[in-house]
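One structure is given below, encoded as structure tokens.
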Protein chains: 2
Amino acid sequence: MRHIDVVIIGGGPAGISAAIWCQRLGIQHLLIEKKGELGGQLLNIHNEIIDYPGVQAANGRELQRMLLTHFHEAGCSVQLNTWISSINNTSHTLVLHEGNKKEKLHYHYLILATGAGQRRLNVPGEKEMLARGENYSASADAHLFKDKAVAIVGGGDRAFEGAILLADAGANVFIVHRSKEFKARSQYLNEALQKENITILTETAVSAILGEKAVSAIELKKKSGEIMKLEVAAVFVRIGVKPNSELAEGIARMNKDGLLETDLLGRTSDPALFAIGDLCTIPLFSSIALSVGQGAVVAKHLASILSEGGERVQVR
Amino acid sequence: MRHIDVVIIGGGPAGISAAIWCQRLGIQHLLIEKKGELGGQLLNIHNEIIDYPGVQAANGRELQRMLLTHFHEAGCSVQLNTWISSINNTSHTLVLHEGNKKEKLHYHYLILATGAGQRRLNVPGEKEMLARGENYSASADAHLFKDKAVAIVGGGDRAFEGAILLADAGANVFIVHRSKEFKARSQYLNEALQKENITILTETAVSAILGEKAVSAIELKKKSGEIMKLEVAAVFVRIGVKPNSELAEGIARMNKDGLLETDLLGRTSDPALFAIGDLCTIPLFSSIALSVGQGAVVAKHLASILSEGGERVQVR
């Protein structure tokens with residue numbers, strides 16, 4: 001069985017940073033990424049990067065390239081197109097899958113950096129919509145919806161920000177929200193209320209997404225029980241993010257939202273398992289710089305554990 | 001009395017990032033820096049920046065310029081050449097000094113980002129040495145000491161790293177260390193032991209730094225009580241860093257090393273006082289990316305408190 005001292009799972013900014021630091025500190029490591037390229041959520045950012053001060057990048061892909069330059073110059077180890085089906089934290093082994101190949105791997109320490117993804121509605125038609133590639137960015141794709149009706153589902157900042165962008169591009173926007181109260185900041189709420197082409201539907205849930213070859217309408221269910229059908233050309237689901245913490249289930253403690261509980265050193269409740277990035281950061285406080293910084297912290301901590309034969313650092 | 005919602009003290013990477021985020025989130029703020037320019041410890045980094053992945057900067061000043069571009073483009077508020085003599089956390093006021101001017105300022109929240117500095121020996125002659133400008137960088141100034149004797153005081157990574165750099169540049173290096181045990185990683189220790197021009201003096205303390213117009217020698221005191229004089233052209237004090245936490249004394253809890261105790265949101269034990277950067281980060285885990293990330297977290301948290309009229313976020 002192959003042995004790796006430190007296995008990092010997830011190749012977004014947190015995992016890339018952890019790998020760079022492992023390499024610099026002489027830690028035998030392997031970064032595993034399920035997609036065919038590194039970058040994680042960076043690949044979905046179509047506007048200017050604002051949360052990595054000092055870097056001027058027009059979009060996530062530009063910052064991804066900058067990070068990869070460092071990553072490859074450092075000589076980090078990476079395995080792409082590979083996913084993990086299970087982790088056994090007693091035997092310190094995990095099962096890797098690359099295409100049809102399956103491999104069992106032994107590790108000393110595991111750094112989970114699997115990030116977070118969009119929370120889904122889990123209603124009929126949603127899976128089909130995503131499978132057809134109808135997963136739009138309000139900033140990059142707004143021009144596609146000029147003079148068309150679109151639905152944005154959610155009541156937070158991201159829902160309102162998207163609605164305003166789409167309305168400004170000339171779309172006829174419906175904000176669909178389950179509750180009467182909004183998490184979005186009042187500045188967004190006021191701006192949306194003032195726009196003629198934004199309609200806010202409260203106490204309304206999406207019960208289905210309709211359409212054969214493309215989205216054509218959504219079915220809505222009011223709190224009162226009333227069902228309505230709304231014709232739209234696209235649905236933007238903005239009901240928050242969900243940490244990708246499935247692999248840690250039953251191993252490390254997480255809160256009710258699935259966020260892994262960590263301390264300032266990225267330690268989880270399992271002594272061999274560390275977590276960094278959006279997997280353990282409250283979405284409101286998520287930032288690229290924080291993820292990168294957490295990657296450095298965990299690698300430095302592991303270097304001190306590995307080189308000093310297990311000595312543990314006291315946080316205070 | 002002038003009122004500022006959020007006052008940030010200290011203009012290194014953490015403070016710069018906090019100010020950029022305050023400005024972006026519409027928080028009325030002021031960054032106060034005692035020196036005539038921003039950058040903090042960046043201004044002392046003379047070699048390539050390695051701990052801000054994605055950025056290629058030849059030295060700290062280059063990264064400082066990149067951060068300042070963002071800072072000024074964002075339109076942040078800053079007051080340079082200004083120091084703070086006292087903080088009153090009951091009345092939420094602080095006393096500013098700019099040249100001979102003295103001003104009392106009222107704040108809602110205070111972000112301390114005063115960083116850390118080199119720990120001093122506190123022996124006769126040290127203050128005079130520093131006042132003469134004899135505060136060298138082992139990487140930037142090594143060439144000055146070819147064929148000369150120099151002393152490095154300390155037993156950690158930074159002491160050994162400096163000793164190796166100086167030895168490689170042809171200096172005759174004496175490592176002076178109080179203890180018999182070293183905190184430096186074994187790889188540095190082995191490398192130093194193999195170099196003919198590095199001599200390690202253990203159980204030895206520096207009791208004085210001698211020289212009129214420049215350092216000419218140091219006085220050493222062995223554990224046995226024996227006093228010796230060693231002729232050297234320079235002394236590099238590398239006995240660790242000390243958080244600049246004086247302003248928070250009596251206000252916020254700190255550990256025995258003076259590090260402010262904070263949680264994942266940068267909160268200290270005082271509800272109006274936040275801390276970010278090296279002021280609250282164990283030196284081993286300090287990194288520019290972490291400081292920048294912490295600046296973003298604190299500003300986002302304060303934005304949510306200020307806009308929601310005081311609602312507090314539960315870490316978990």
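The chains referred to below are lettered A, B, ... by the order of the sequence lines, with proteins before strands, and numbering in each begins at 1. No experiment lies behind these values; they were computed from the predicted model shown.
Contacts between S291(B) and chain A at a heavy-atom distance below 4.5 Å are absent for every atom of the residue. Contacts of I50(A) with chain B are made by both backbone and side-chain atoms, with heavy-atom separations under 4.5 Å. Of the atoms belonging to Y52(B), heavy atoms from both backbone and side chain fall under 4.5 Å from chain A. Contacts of R65(B) with chain A are absent, with no heavy-atom separation under 4.5 Å from either backbone or side chain. For E62(B), no part lies near chain A; criterion is any non-hydrogen pair under 4.5 Å. For chain A, no part of I288(B) is nearby; none of its heavy atoms comes within less than 4.5 Å. At a 4.5 Å heavy-atom cutoff, the contact between S286(A) and chain B is made by backbone atoms alone.
Looking only at heavy-atom pairs under 4.5 Å with chain B, the residue among V55(A), I20(A), I16(A), T69(A) that has the most is V55(A).
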Practice prompt. Give the intermediate values and the outcome of salt bridge (charged side-chain N to carboxylate O under 4.0 Å, His left out) for residues R253(B) and D270(B).
Written response: CA-CA 8 Å; R253(B) 248 197 322 268; D270(B) 180 88; over 6 Å; no
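Note: F182(A) and Y188(A) fail the aromatic proximity criterion, with ring centroids not under 6.0 Å apart.
Comment: K183(B) does not engage D157(B) in a salt bridge, judged by the lack of any side-chain N to carboxylate O separation of less than 4.0 angstrom. Between E37(B) and R61(B), at least one side-chain N (NZ, or NE/NH1/NH2) sits under 4.0 Å from a carboxylate O, which counts as a salt bridge.
E33(A) contributes no side-chain N or O that, together with a main-chain N or O of V78(A), makes up a donor-acceptor pair within less than 3.5 Å.
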